[in-house]
Amino acid sequence: MKEDKDSRWFELECVPKNYIFSKEERPQNLDSPVCDLIPVIDLAKPKAANGHSQPVEEIFKASQEFGFFQVINHGIPEKTVNDAMSVFKEFFDMQSKDVATGIVQHKKAYIYTSSTDYVKDGVHLWRENIKHPCHPLEECIHLWPDKPTRYQEVIAAYLVEIQKLSSRILEMICEGLGLKQGYFKDTSEVQLLSSNFYPPCPDPSLTLGILPHHDPSFITLLYQGGSTGLQVMKDGQWVNVGGIPNAFVVNIGNQLEIISNRKLKSVKHRVVTSTHETRLSIATFVNPSPDCIIEPAKILVSELEPSLYTASRYKEYVHSNKAFGDYTSAIQNALHSES
Ligand code: OGA
Ligand code: NI
């Protein structure tokens, strides 16, 4: 690390040893082109003649095939999103300086920052992260950072929009699955926000921004500001998710895979680093309320398609898969042993 106390932890010519992953975990074929396989869905498309709106069908298909899609014309004002991104940028600018000098600024409940978060076998991720609860909004706001001074106001406004968009998307997923309207309405909550700052890295072939994982949510809404770095597992290969300005990346989490009896897929994803690009992302996790019992929806289970998962109360599920961010095994735990 440079002597200059204003320099940031990532301003280095080579990757420090404790950020280098083992050969098996390191990203390979980083030079492979961005393949824009992940569907981009225009939410403003009109209803099709058969009564189903086109986005409903596209969302259903993408959730089956990829577990991931992007939405455009989603109705969240650009200003709300840009304000949130600039607040996080400011937050991480302040934070990085503190991390460089070993000071963690925010010690309030539920707020985790610094590059020491999320390590595997002693190896650090190439990122900084903040996460905190968001539900119910009024009860959480005071737990959030108060610097930058606009943080609470701007992020609350962002979350109100995320709540609306996620309800709309869940409703479309409901329709696609043939579940009754409002199936998720009273049991889904935008519970957690997690923002990541991935600085440029001198050698992306050695590091990772986020380890491969599944999300524990119903759905996750991710804003990535048009940047790249997110990769999704498709048929045993890592596929890049294209950077589309103003789009939201949506993915199916473990809970929806369970409810849909695996009609929809919760798919493994990770973030790789870049030598030149800084990536800033805001992930919001729409989860079941804690007491909700998660099991395949009755109408999706039949003799021909038996239930693949055992029922579990969401809070118990979370408790038994405590290492946040490492939910890869969680979906396996919920599977019936014979499958
Ligand atoms: C997550 C996630 C991706 C990103 O937080 O679960 O996959 O780009 N984030 O930060
Ligand atoms: Ni994720």
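Order of listing sets the numbers, starting from 1, for every ligand and every atom in it. Note: hydrogens, waters and symmetry copies are ignored here, and every other heavy atom, side chains too, is used.
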Problem - Nearest atoms (heavy-atom pairs only) where His132 meets Ile130 - result: CD2-CD1, 4.1 Å
Practice task
Would you check if the distance from the ring center of Phe88 to the ring center of Tyr151 is below 6.0 Å?
Solution key: yes
Exercise for the section: Tell me, please: is His213 in heavy-atom contact with ligand 1, that is, under 4.0 Å? Expected result: yes
Practice task
Among all protein heavy atoms, pick out the one at the shortest distance from atom 8 (O) of ligand 1; state its residue, atom name and that distance to 0.1 Å.
Solution key: Arg279 NH2, 2.7 Å
Problem - Atom indices of ligand 1 within 4.0 angstrom of Ser281 heavy atoms, with elements - result: 4 (C), 8 (O), 10 (O)
Handout entry: Enumerated ligand 1 atoms positioned under 4.0 Å from heavy atoms of Tyr198
Key = 3 (C), 4 (C), 8 (O), 10 (O)
Practice task
Without swapping roles, check the side chain of Lys234 against the backbone of Glu65 for a donor-acceptor pair under 3.5 Å.
Solution key: yes
Exercise for the section: Enumerate the atoms of ligand 1 whose separation from the nearest heavy atom of Asp215 is less than 4.0 angstrom. Expected result: 6 (O)
Practice task
Apply the ring pair (Phe, Tyr, Trp, His ring centres under 6.0 Å) test between Phe10 and each candidate in Phe197, Trp126, Tyr198; give the one that qualifies.
Solution key: Phe197
Completion exercise
When rounded to the nearest 0.5 Å, the distance separating OG1 of Thr207 from CZ of Arg127 is 13.0 Å
Practice task
Output yes if His214 passes the N/O/S-under-2.8 Å test against the Ni ion (ligand 2); output no otherwise.
Solution key: no
Exercise for the section: Please state whether the rings of Phe218 and Phe184 are parallel, tilted or perpendicular, taking 30° and 60° as the class boundaries. Expected result: perpendicular
Problem - Nearest neighbour in protein (non-hydrogen) for atom 5 (O) of ligand 1 - result: Phe285 CZ, 3.6 Å
Exercise for the section: Look at atom 9 (N) of ligand 1 and say which protein heavy atom is nearest, naming residue and atom and giving the distance to 0.1 Å. Expected result: Ile210 CD1, 3.5 Å
Practice task
Check whether NZ of the Lys or CZ of the Arg Lys265 lies under 6.0 Å from the centre of the six-membered ring of Phe66 and within 45 degrees of that ring's axis.
Solution key: no
Practice task
Would you mind reporting whether Ile282 and Leu222 have side-chain heavy atoms less than 4.5 Å apart?
Solution key: no
Practice task
Identify, by name, the N, O or S atom of Asp215 lying closest to the Ni ion (ligand 2).
Solution key: OD1
Exercise for the section: Could you tell me which non-hydrogen atom of Phe69 sits nearest to which non-hydrogen atom of Ser63, and how far apart they are? Expected result: CE2-OG, 3.5 Å
Problem - Proximal atoms of ligand 1 relative to Val271 (non-hydrogen, under 4.0 Å) - result: 3 (C), 4 (C), 8 (O)
Completion exercise
Of Lys268, His269, Arg127, Gln231, the residue with the heavy atom nearest atom 7 (O) of ligand 1 is His269
Practice task
For ligand 1, note which part of Thr220 has a heavy atom under 4.0 Å away: side chain, backbone, both or neither.
Solution key: neither
Problem - Backbone or side-chain N or O of Ser194 under 3.5 Å from ligand 1 N or O - result: no
